[in-house]
Amino acid sequence: METTVNKEFLGNTFSYTTEVDSEGKALWTQKIDSEFSKWLHQLKDENRELFKVQYSLSSNAYDVLAKLKERIGVYDDSLIIRAITITFINFIDTRKGRPIIKKLNSYKDSGDLDLLKDGDILKKNLYFSPVGMRDVEAYSNLTGLKKGQVIKNALYSVLLISINEDEEIKKFWENEIIEKLTTIVKAA
């Protein structure tokens with residue numbers, strides 16, 4: 001049976017017509033996904049502030065980020081932080097990245113995370129594209145973290161990986177993360 005379904009996103013409502021099964025689950029098709037993407041771009045044109053996320057990081061973390069920016073060859077904070085966030089969501093915190101997440105948990109206990117968190121707290125804003133915001137919003141809904149915390153978690157996780165010397169982590173860092181960050185940065 002076809003029915004109109006409302007999807008809430010960033011405090012706005014996207015309405016679409018689709019098949020709904022006996023359990024009330026709505027079918028999401030490629031056509032609906034395209035319409036949703038178009039709607040998101042219109043929403044951004046109308047109110048860019050909906051795509052802004054506020055987050056904070058320490059001055060020590062910012063210093064490590066500066067070294068990472070130099071290594072990749074990008075000097076725009078927002079560009080590298082968006083790339084880190086999307087790489088974390090779509091690659092590191094996935095089934096494929098599970099061994100790295102386990103290593104990260106041990107690093108958190110080592111005191112390295114405390115060192116990263118030391119220093120003055122810097123408050124920042126970051127604007128995402130509609131596609132990026134979909135990822136951040138979905139991850140936020142899945143984990144229960146606020147969007148600013150999603151960015152902070154991704155940022156500290158990637159920076160923690162970058163400062164550790166473990167061979168497995170080093171290989172993962174060189175072969176996977178740097179490559180993905182560089183690709184995202186080049187595409188931006």
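Just so you know, these numbers use all the heavy atoms, side chains as well, and skip hydrogens, waters and symmetry mates.
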Under a 3.5 Å distance rule, please check whether [X] uses its side chain to pair with a backbone N or O of [Y] as donor and acceptor.
X: T94; Y: N90; result: no
X: S140; Y: L145; result: yes
X: R82; Y: Y127; result: yes
X: T87; Y: I84; result: no
X: N125; Y: Q54; result: no

Atom pair [atom1] ([X]) and [atom2] ([Y]), whose distance is rounded to the nearest 0.5 Å:
X: L65; Y: L68; atom1: CG; atom2: CG; answer: 6.0 Å
X: L57; Y: I81; atom1: CG; atom2: CD1; answer: 6.0 Å
X: S56; Y: I151; atom1: OG; atom2: CD1; answer: 10.0 Å
X: S58; Y: K152; atom1: OG; atom2: NZ; answer: 8.5 Å
X: D114; Y: N60; atom1: CG; atom2: CG; answer: 11.0 Å
X: K67; Y: L159; atom1: NZ; atom2: CG; answer: 11.0 Å

Open item on the list: Quick one, T18 and I32 - any side-chain contact, counting heavy atoms below 4.5 Å?
Closed with: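 T18 vs I32: side chains touch.
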Open item on the list: Does any part of the side chain of Y55, heavy atoms only, come nearer than 4.5 Å to the side chain of K123, both counted from C-beta?
Closed with: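 No, too far: nothing below the 4.5 Å cut-off.
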- [ ] Quick one: list whatever passes side chain to side chain contact (heavy atoms under 4.5 Å, CB included) with S22, sequence neighbours left out.
- [x]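 None.
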- [ ] Let me see the working for K146 and V150 under side-chain contact (heavy atoms from CB on, under 4.5 Å), right down to the final yes or no.
- [x] CA-CA 6 Å; K146 293 183 187 272; V150 168; over 6 Å; no
Any salt bridge (charged side-chain N to carboxylate O under 4.0 Å, His left out) involving [range]? Give me the pairs, sequence neighbours left out, ordered by first then second residue.
range: residues 88-98; result: none
range: residues 125-142; result: D33-R134, E137-K147
range: residues 5-23; result: E23-K25
range: residues 41-51; result: E49-K52

Open item on the list: Given K69, which partner from the list D63, D76, D77 fulfils the salt bridge (Lys or Arg N to Asp or Glu O under 4.0 Å) test?
Closed with: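 Option passing the salt bridge (Lys or Arg N to Asp or Glu O under 4.0 Å) with K69: D77.
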Open item on the list: With a 4.5 Å cut-off on side-chain heavy-atom distances among I, L, V, M, F, W and Y, is there a chain of contacts connecting I89 to I101?
Closed with: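 Yes, I89 and I101 fall within the same hydrophobic cluster.
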Open item on the list: Quick check: is L122 connected to V64 through a chain of hydrophobic side chains (ILVMFWY, heavy atoms under 4.5 Å apart)?
Closed with: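 Same cluster: V64 reaches L122 through Ile, Leu, Val, Met, Phe, Trp or Tyr contacts under 4.5 Å.
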Return the minimal non-hydrogen interatomic distance between [X] and [Y], and the atom names on each side.
X: V74; Y: L79; value: CG2-CD2, 3.4 Å
X: P130; Y: F51; value: CA-CE2, 3.7 Å
X: S59; Y: G119; value: OG-CA, 3.2 Å

TODO: Take D120 and Y62 through the test side-chain contact (heavy atoms from CB on, under 4.5 Å) and record every step on the way to the result.
DONE: CA-CA 10 Å; D120 297 332; Y62 191 78; over 6 Å; no
Open item on the list: Give me each pair satisfying ring-ring contact (aromatic ring centres under 6.0 Å, His included) with a member in residues 29-49, each pair once, sequence neighbours excluded.
Closed with: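 Every pair satisfying ring-ring contact (aromatic ring centres under 6.0 Å, His included) with a residue in residues 29-49: F9-F36, F14-F36, F14-W39, W28-F36, F36-W39.
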TODO: Start with the C-alpha distance between I100 and I161, add both sets of side-chain angles, then the distance that settles side-chain contact (heavy atoms from CB on, under 4.5 Å), and finish with yes or no.
DONE: CA-CA 9 Å; I100 301 310; I161 291 170; 3.6 Å; yes
Open item on the list: When you compare the side chains of N6 and S15, does any donor N or O come within less than 3.5 Å of an acceptor on the partner?
Closed with: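 Side chains of N6 and S15: pair found under 3.5 Å.
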TODO: May I have the step-by-step check of side-chain contact (heavy atoms from CB on, under 4.5 Å) for V20 and L27, ending in yes or no?
DONE: CA-CA 6 Å; V20 177; L27 178 65; over 6 Å; no
